[in-house]
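A short worksheet on the structure shown next.
All values below come from the heavy atoms of this structure, side chains included, with hydrogens, waters and symmetry mates left out. A note on names: the letters A, B, ... follow the listed sequences, proteins ahead of strands, and every chain is numbered from 1.
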Amino acid sequence: MRQSLIQWVGIAWTILYAALVVWLYAAAPQSIAEVRTQARVAAGTYEVDRARFDAGRELFLREQYAAARAEWERADPARRDARTQFYVAYSFYRQGWGRVYSDDALFKQGLEAVDLAIDLSSASPLTVEDAELKMHTAAELKAELERGLERTADDFNPLKVFRERK
Amino acid sequence: MRHLLLPTIFLTVALLGGVRVAADTRALLFVPPPLVTLILAAMLVALFARGGALKVGRWLSADLGAAENVSHALTLGALFFASAQAFNSVLPDAGLPRLVLASFFLWTLWQNQFARFDARRLLRSLAALFGTAFVVKHLLLASLGDPEGGWLRRLAAAALEGVALGGPAYAASTGYVSFFALALYVLGLFLLPPAPERDVDESRAVGLARDLKQLPARERALVVEELSRKTEEGGAD
């Protein structure tokens, strides 16, 4: 009886440990802190740090976009929260937007972030209710970023300088 | 021991064998076993079996219970992956040194598959190869990648000019992790018995002894006498 118990405990332990090793190689965390984050994601207990998210939003509203993104990076280190990624994309949009031309590099990063936000909220269309924003859906933001990256004859329209940032 | 300790040791080696620490960012990198190390591990385990260091027929047998067989299969699987990762931890990641050392390992293991088996010689050549590979990867190549390296680095760089050394630069801690993984692997091999001892179900013996005590004295004496006679017969055989 005791031997049989040891055998089954050994089997369970070996399978569990092997699964942990395989998971570590698949998730490839880059630091011990990331191991903890990934473990929380795997266990389904991962949550965005609300205080840091709000601090990032405050910076975003004060147009300190890089600092805002740094706060959101700490609030959502695993990049699993669609809403946070939407704000990250929005910050790239606002920072890259210009009356004469847009910054393609920032818009591309914004597009990547909004695509991630859309992927993370695949169950339902992502809508963010925030009175400070002029675009509330990820689809709208994505379309705006894509428009900014396109090269068209309209780019040479001098009246373009009167358009407004969203 | 073989149900808990050995799988733990071998899986830890499998985990640590592929761990590297990037020199610039200090980020952890997990390098899965490349194909060549899986082949080397298969050849090494085959050699263990050939040399009698591992009696596979005794580890996995129809005489054993299902749980025991499953447990042993997991232990042998862990040994295989630990061997693959032990090779992975000492083989350089790219370039000429990797090609040369992988070829040496392959040649040594391949030769021993067919030559007259000499366990001592095999162990000696494997230890020398592991040691050389460790020194090449974690001392020589690491010092070449170190921008603050001294005259030895400049000398080696000049000597090996034009040779593809390859592989990213790793922090010094990678060498320590590799050394620990190898030490653990050797410990695991040392603890690995060629064949598992049979698990004796002591609870059954305890139950029989209890039943025996409940018998009347005369019947108990008869049983003891019978058992003694059987034991003597067994001894005479």
Answer yes or no: does atom [atom1] of [X] have more than 12 heavy-atom neighbours from other residues, nucleotides or ligands under 6.0 Å?
X	atom1	result
B/Phe180	CZ	no
B/Gln113	CD	yes
B/Phe179	CZ	no
A/Arg79	CZ	no
B/Phe81	CZ	no
A/Arg80	CZ	no
A/Glu164	CD	no

Name the option with the most non-hydrogen atom pairs under 4.5 Å to chain B; the candidates are A/Ala18, A/Pro29, A/Ala28.
->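 Looking at each option in turn, the highest pair count goes to A/Pro29.
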May I ask you to name which of A/Val9, A/Ile11, A/Val35, A/Val21 has the most heavy-atom pairs under 4.5 Å with chain B?
->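 Most pairs with chain B among the choices: A/Ile11.
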Give me the atom names and distance for the closest heavy-atom approach of [X] to [Y].
X	Y	value
A/Trp13	B/Leu4	CD1-CD2, 3.8 Å
B/Thr8	A/Tyr17	O-CE2, 3.5 Å
A/Thr14	B/His3	OG1-O, 4.1 Å

Rounded to the nearest 0.5 Å, how far apart are CD of A/Gln7 and CG of B/Asn69?
->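 Reported value, rounded in 0.5 Å steps: 9.5 Å.
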Is it the side chain or the backbone of [X] that comes within 4.5 Å of chain A heavy atoms, both, or neither?
X	answer
B/Val21	neither
B/Thr25	neither
B/Ala67	both

Who wins among B/Leu29, B/Leu15, B/Leu5 for the most heavy-atom pairs under 4.5 Å with chain A?
->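 Counting heavy-atom pairs under 4.5 Å, the top option is B/Leu15.
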